[in-house]
Chemist: 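One structure is given below, represented as C-alpha cells, and several questions about it will come after.
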Amino acid sequence: MLKLARKRRQNEIGFGANTAINILFLAICVMCIAPVLLVLSISLSDEASIRANGYQFIPSAFSGEAYRYLLTAGDAIWRAYGVSILVTVVGTLLSLMVITLYAYPLSRSSFKYRYHFSFFAFFTMIFGGGLVPWYIVYTQLIPIKNTLWIMIVPYLMNTWYMMIMRTFYKTTVPESIIESARIDGAGEFRTFFVIVLPLCKAGLATVGLFCTLAYWNDFYLPMVFVNNSKNYNIQYLMYQTLIAVQNLLNASNAISNASQILANLPSESVRMAIAVISIGPIVLAYPFFQKYFVKGLTIGAVKG
Amino acid sequence: MRSMKRFLCLALVLVFAFTLALSGCGEKATPAADPTTKKTDAPAPKAEDKPAESAVPAETVELTMTLVGNKQETDTDLVMEKINEYLADKINIKLNLQVFGWGDPYEQKVNTMLSSGEPFDVCFTANWAANYYKNAAAGYFTELNDLLAKYPAIYEIAGKDFVDGSALDGINYAVPTHKETVHNWGYLLQKAVVDQYGIDISTLKKMEDLEPWFDKIKADGKITPLLVVGGDSPFQFLDWDRVSDDNVPGALYSDNRDNTIVNHFLAPESVDMYKKLRDYYQKGYIASDAATMENTAEQMKTAKYFAVESSLKPGKDAEMTGSTGVEWVQIDITQPVMSNRETTGAMLAIPAASKNAERAFQFIEILYTDDVVRNLLNFGIEGTHYNVNADGRITQTQEGLDRYNMGPGWRYGDQFKDLLLDNEDPNKWADFGKYNDAGLVLNSLGFVYNDSDVSTESSACKTVTGTYNRQLQCGAVDVDPILKKYEDELKASGVDTLIADMQTQYDAWRAKVGK
C-alpha cells in the first residue's frame, strides 16, 4: 500500500506496465536464446540418439564426437575460419576508413560540393546494375575474382552506414570546435584525426559493429565469386553443406543415388558444431562494442 | 516547420531503407538474366573449325571443368597433376577441375559464369542442375552436332537413341552420361527381417504380395513395416511419365498406351493408390508421423523399418547397404522404361564462351573411352586413396576418403568403365547392360515442355499439389472428403488450361519429330 501511495516520479512506469514489458522482453529473450541452446545441445548429442529421438534440449546421450571430428579432420573448416577472421578484421578496418573519410566532408557545411557527392552515393543505393554487370566488374574490370579481396572490396562502401556516420559528425561535433581548431593552426587532417574522430568513438563503434557483422555473416560473395575452395569462408562452407542436404532431400527423385550421397555428408551433430564455432568470435565482439553501441544508436537516430 | 523537415527526413530514410531491402532481395532472387523463351534460332555458338589433327596438338590448353558435388576435395590438385601427365601425349591439356556444392552454390556460380560470358570449357548440367533447358535455349551452350559426327565414339558407346534423347529440337547441346538409361521402381527390404521371417523374395512381384508379411510384422510390433517419407512413397509405383516438374499435374501413362496427357494426381489409378495407402496407414503399416518425416536415408539407418519404396537399378541394394549400414535386398515392382528422367539426368555441355570447344569435346570423349582417366577422377590415386583387392575390386581407405571423396561417377562419361567398390556386385556392369536393354522407350522421350505461357497456372497448381500430395501419398488423411477439395482447388488454379497447353505442345512436337 505504501509503495502505491508513494508519489511517482515523472516518467516512471507503473507496476502493471513494468511487469508486462518485462514479461514481453523475457519472452523475446527466450525466443532468441532457445534456438542457440538447441543447436549447442545437438552438437553435443550422440548421432544415434538424434536419429532415434529427434532434437532434444537435453541430449539423452552426450558425445563430443562432433568436436573431435572438427579438431582432427576439419582442415578445411579451420582454414575457412581463418579466412573469415582475416576478411572480417581487414574488411572492417578498411571499410571504416572509407566510410568515415567519405562521410566527413559531407558533414561540413563549408564543403561546396557536398550535395553532389551525397547524390552520387544515394544514387547507387537506389539503382543497382544487376547481378551480371556487377559480376563482370569484378571479373574483368577489377580482376579480383577468387582472391580474398573479392570478399572485402564489394562491401567497403555502404551508403547507409555512411549516412549514419555523417549524421554523427553533424550532431556530436559542433562547427565551433572545428573552427577553433583551425584558429589554433590545425590543418584539415589534424582536425579530423585529433579532434573529430575521438569525439565520434560511439559512431565508429556502431558502424564498426555493423561492418563486422556484415563481413562475418556473408556467404553470398564467396558463393558468386570464389571458385577456389582454399578461399572459402566459414559461413559459405556451412551454407554449402546445409544447402546440399536440403537440395538432395528435395531432389531425391531427380538425382540418382541422392540418398547415398546424403549418407556421406557430415552428420547432423557435426553441422551443428560448425554452427556453434562460427558464432564464437562474433559473440566475443559484442561486449566490446556494446558500451558504445547503445549510445551510438540513440544519438544517431533521434537527432537526425 | 522543423517537425515537417524531420518528418520528411524520416520518410526519405525509410524509402531508402526499403529500396535497399528490395534491391537486396532482387539481386538474389534473379540468378541471371535468363531469357525464358525457347527459340530454336537462338544465337548459335559455333564450334571452332579447326582441321582434325591426328597427332597430339602442340600447345597445351587449359580446360576448366565445373562439376556439382560435395565440395572441392583436398587432394584435387594432386589428382589433376596425374591426369594431366597421363593426357600430355594424348590431347595435351591441363585440366582444372572445380567442384561446387549441390544446389544453390553450383547454380549461382555456374549460371552467373554462363550469363556473363566467362570462358570455361566443360560444364555439368541436367534437368535439375545449371538449368539445362533454359541455358541451352538461350544459346549459352555450344551446339555439338558436328563434333558428335566428327568424333563418333560417344554415339557408339551410349547409343544414338539415348544421346539424342537429350537434344532440343534435334540440336545436341550436351551429352548424357552412359549409365542406367532406364528406370524402374520397387521396394528395398531389410535383409535381417527377410531372413527372420523366411520370406522368399522371388514370390514378391506386386504391392499386394507384401501385405501378408506387413500384417505379420505389424502384429509382432517390433518394427514398422513400411517407411514413407515425402515423395518416397509407393505412389511412385504408378510411374507416371510426368511432363513438367514432380509437383506439377500433367503426365502420360508410362506404357505408351496413348498420347493423352492427364492430370495424374486425380487419375483413377492414383485415387486407388491413395485409398490403398490410407488402408495401410490405418492398419499401422505406415508410421503415424510419416507426413512430417524428412530424410529417407537417415530413417533407413535406424533399421526400424522393413520396406521402403525406391527407384531401382541393378545393385541398388548393395549401394544402400553401404551408405546406411543396414543390409537391404531389392525387389522390382514396375517395368523398366527409358524416359526424359534419364536422358537429361546427368550431362556435360561445352559453354558457348569456351575458347577451346573442340579440345573440350575431345576431353569429354576421353571420359567415355578411357578408364584410366575416369578412375583417377572418380577414386583418386591407387595406393594413396584406394587399394586394389585380389578380385579387382577396390577398397577406399578412410584416410583417402578424407582427402579425396569425389562421390558418384554418374556425372560424366561412360560409367560402365568404373572400377567396382568392394561392396558392389562383381557383375554390376553386365547386369546394368541387361537392365538397360530391357527398358521400354517412352513416346515422350525428347519432349521438353515449356511452361512460359501458363507459368501462373503452373506455379498455382504446384502450391496446391504441394499441400495435398504429401498427406495423400502417406495415407495420413481420409481420401474421399479431401479429394473433392483437392479437385476444386486445382480447378481454381487453372489446371485445365495448364494441361491443355501441355497437350498442344506435345502434339506439335510429335508432328515435328514424326512420332
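So that the names make sense, note that chain A is the first sequence line, chain B the second, and so on, each numbered from 1. Just so it is clear, the model here is predicted, and its values are computed rather than measured.
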Chemist: Does a sphere of radius 6.0 Å around NZ in A:Lys145 hold more than 12 heavy atoms from other residues, nucleotides or ligands, not counting ones at 6.0 Å or beyond?
Modeler: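 More than 12 heavy atoms, drawn from other residues, nucleotides or ligands, come within 6.0 Å of this atom.
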Chemist: Pull out the residues in residues 225-239 of chain A that come under 4.5 Å of chain B, heavy atom to heavy atom, sorted by number.
Modeler: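 If one takes a 4.5 Å heavy-atom cut-off, the residues of residues 225-239 of chain A near chain B are A:Val226, A:Asn227, A:Ser229, A:Lys230, A:Tyr232, A:Tyr236, A:Tyr239.
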Chemist: Give a yes or no on whether the backbone of A:Ser278 and the side-chain of A:Trp216 come within a donor-acceptor separation of less than 3.5 Å.
Modeler: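 Flag set: sc A:Trp216 to bb A:Ser278 pair under 3.5 Å.
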Chemist: Could you work out, with ring pair (Phe, Tyr, Trp, His ring centres under 6.0 Å) as the rule, every residue matching B:Phe432, not counting sequence neighbours?
Modeler: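 By the ring pair (Phe, Tyr, Trp, His ring centres under 6.0 Å) rule, B:Phe432 matches B:Phe416, B:Trp429.
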Chemist: So which of B:Gly101, B:Gly69, B:Ala129 has the biggest tally of heavy-atom pairs under 4.5 Å with chain A?
Modeler: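 Looking at each option in turn, the highest pair count goes to B:Gly101.
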Chemist: Classify the side-chain pair B:Asn436/B:Thr181 by whether it contains a donor and acceptor separated by less than 3.5 Å.
Modeler: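 Present: a donor and an acceptor within the cut-off.
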Chemist: When rounded to the nearest 0.5 angstrom, what distance separates NZ in B:Lys301 from OG1 in B:Thr296?
Modeler: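 If I round to the nearest 0.5 Å, the distance is 12.0 Å.
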Chemist: Which bit of B:Val99 is near chain A, if near means a heavy-atom gap under 4.5 Å: side chain, backbone, both or neither?
Modeler: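 Just the backbone, heavy atoms under 4.5 Å.
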Chemist: By a 4.5 Å heavy-atom criterion (distance strictly below it), what part of B:Lys71 contacts chain A: side chain, backbone, both, or neither?
Modeler: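 Both backbone and side chain of B:Lys71 come within 4.5 Å of chain A.
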Chemist: Check whether B:Gln299 gets within reach of chain A through its side chain, its backbone, both or neither, counting any heavy atom under 4.5 Å.
Modeler: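 For B:Gln299, neither part sits under 4.5 Å from chain A.
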Chemist: Are A:Phe168 and A:Val207 side-chain neighbours, meaning at least one heavy-atom pair lies under 4.5 Å?
Modeler: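 Side chain of A:Phe168 against side chain of A:Val207, heavy atoms only: no contact under 4.5 Å found.
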Chemist: Just to verify, what does B:Ala251 make a side-chain contact (heavy atoms from CB on, under 4.5 Å) with, not counting sequence neighbours?
Modeler: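 In terms of side-chain contact (heavy atoms from CB on, under 4.5 Å), with neighbours along the sequence ignored, B:Ala251 is linked to B:Trp240, B:Arg242, B:His264.
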Chemist: A:Pro222 versus chain B, heavy atoms under 4.5 Å apart: side chain, backbone, both or neither?
Modeler: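 Answer is backbone: N, CA, C or O of A:Pro222 sit under 4.5 Å from chain B.
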Chemist: So which residue, B:Arg403, B:Gln98, B:Glu342, B:His183, ends up with the most heavy-atom pairs under 4.5 Å with chain A?
Modeler: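 Highest number of pairs under 4.5 Å: B:Gln98.
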Chemist: Could you have a look at B:Lys304, B:Gln72, B:Met113 and say which one has the most heavy-atom pairs with chain A under 4.5 angstrom?
Modeler: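 Top count of heavy-atom pairs under 4.5 Å with chain A: B:Met113.
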Chemist: Can you find a side-chain donor-acceptor pair between A:Tyr67 and A:Ser43 that sits under 3.5 Å?
Modeler: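 There is such a pair between these side chains.
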Chemist: At a 4.5 Å cut-off on heavy atoms, which part of A:Ile136 comes close to chain B: side chain, backbone, both, or neither?
Modeler: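 Just the side chain, heavy atoms under 4.5 Å.
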Chemist: Check each atom of B:Asn96 against the heavy atoms of chain A and say whether the ones under 4.5 Å are side chain, backbone, both or neither.
Modeler: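 Contact with chain A involves no heavy atom of B:Asn96 at all.
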Chemist: Are A:Ser95 and A:Tyr155 packed together at the side-chain level, in the sense that at least one heavy-atom pair is separated by less than 4.5 angstrom?
Modeler: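 No, too far: nothing below the 4.5 Å cut-off.
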Chemist: Among all residues two or more places apart in sequence or in another chain, which pass the ring pair (Phe, Tyr, Trp, His ring centres under 6.0 Å) test with B:Phe120?
Modeler: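 Result, ring pair (Phe, Tyr, Trp, His ring centres under 6.0 Å) vs B:Phe120: none returned.
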